[in-house]
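Reviewing the structure listed below.
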Amino acid sequence: MDTVEINGLKFKKLLTYDEIHNRISEMAEPLKRELNGKDPLFICMLNGAAIFAADMMRALDTPAPLAFVKWKSYRGTGSTGEIIEELPLDYDVRGRNIVILEDIVDTGVTMYNFIEHVKKLGASSIKIVCLLCKPESIKYPIKVDYTGFEIGKAFVVGHGFDVDGCGRGLRDIYQLV
Ligand code: 5GP
C-alpha cells in the first residue's frame, strides 16, 4: 500500500517495514556495546513506543527489565504542550542506568519532562533511544542518544504511530498528505 486513509485523513508512505527493521538492527549494535555490563533498565513510553520497544528489545536480545509508562501530550494530530501522566513508573530507578524507548521526539516536551522526573527519582544515567525525530520541531533542550530516522514536521501513522487510536498495526510508516 502506497497510500492509506484513516478517519478521513490521507497518508502516503514514508518508510517501509524493511527500512525500519534494518535501521533498528543497526541501532541495536552500538547500543548493545554501550550497555554491556551496565545492568540497564529499559522504559517504554506507551502507547506509541510499544511496537518499537518490542522490536528493539528483540534486536538487543536482552534479559534486562522493561518497564512501561504512559505520558501523553498529543491529541489528534497535534501536540497540546501539556503533559498528562496516565500510567506512572512502577519501578525503583534509584542508581539505575535508564534507557528510554520512545516512538518519536516532536517538540520534546514529553521527553524533557520525563527525563527531569527520572533524574529526580535518582537514576544514575539516562539514554534516549527513539525511532523517529522531528529536528525542526524540537523546542526543549534534550539530547537524543540514538535516533532511527530524522523526518520533517509531517504527522505520521503506522508501525506503532496512531491517529486517535487507529493505524498502529500498519507495517509501514505513512505521513499525512
Ligand atoms: P512531543 O512531546 O515531543 O511533542 O511529542 C511526543 C509524543 O507525541 C510522541 O510520544 C507521540 O505519542 C506523539 N507524536 C508526535 N508526533 C507524532 C506523529 O507524527 N504521529 C503520531 N502518531 N504521534 C506523534
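First listed ligand is number 1; within each ligand, the first listed atom is number 1.
Between Gly108 and ligand 1, at least one pair of N/O atoms sits closer than 3.5 Å.
Of all heavy-atom pairs between Leu15 and Asp172, the closest is O-CB, 3.3 Å.
With sequence neighbours left out, the ring-ring contact (aromatic ring centres under 6.0 Å, His included) criterion links Phe68 to no other residue.
Contacts classified as side-chain hydrogen bond (donor to acceptor under 3.5 Å, both in side chains) and involving residues 118-130 (residues at least two apart or in different chains) are given here: Glu34-Lys127, Asn97-Ser125, Glu116-Lys119.
Residue-level proximity to ligand 1 for Met111 is absent, since no heavy atom of it falls below 4.0 angstrom.
Closest heavy-atom approach to atom 5 (O) of ligand 1 within the set Val156, Asp103, Asp106: this belongs to Asp106. In this structure, of Lys72, Lys70, Lys134, the residue bringing a heavy atom nearest to atom 17 (C) of ligand 1 is Lys134.
Ligand 1 lies within reach of Asp162, whose nearest heavy atom is under 4.0 Å from it. Residue-ligand proximity: Met45 is placed with every non-hydrogen atom at 4.0 Å or more from ligand 1.
For Tyr112 and Tyr140, the gap between ring centers is short of 6.0 Å.
For ligand 1 and Thr110, the ligand atoms under 4.0 Å from any heavy atom of the residue are 1 (P), 2 (O), 5 (O), 6 (C). Remark: ligand 1 atoms within the under-4.0 Å shell around heavy atoms of Glu102 are 10 (O).
A donor-acceptor pair is defined here as one N or O able to donate and one able to accept, closer than 3.5 Å; no such pair exists between the side chain of Tyr174 and the backbone of Glu5.
His159 and Asp103 form no side-chain donor-acceptor contact under 3.5 Å, judged by distance and modelled atom types alone.
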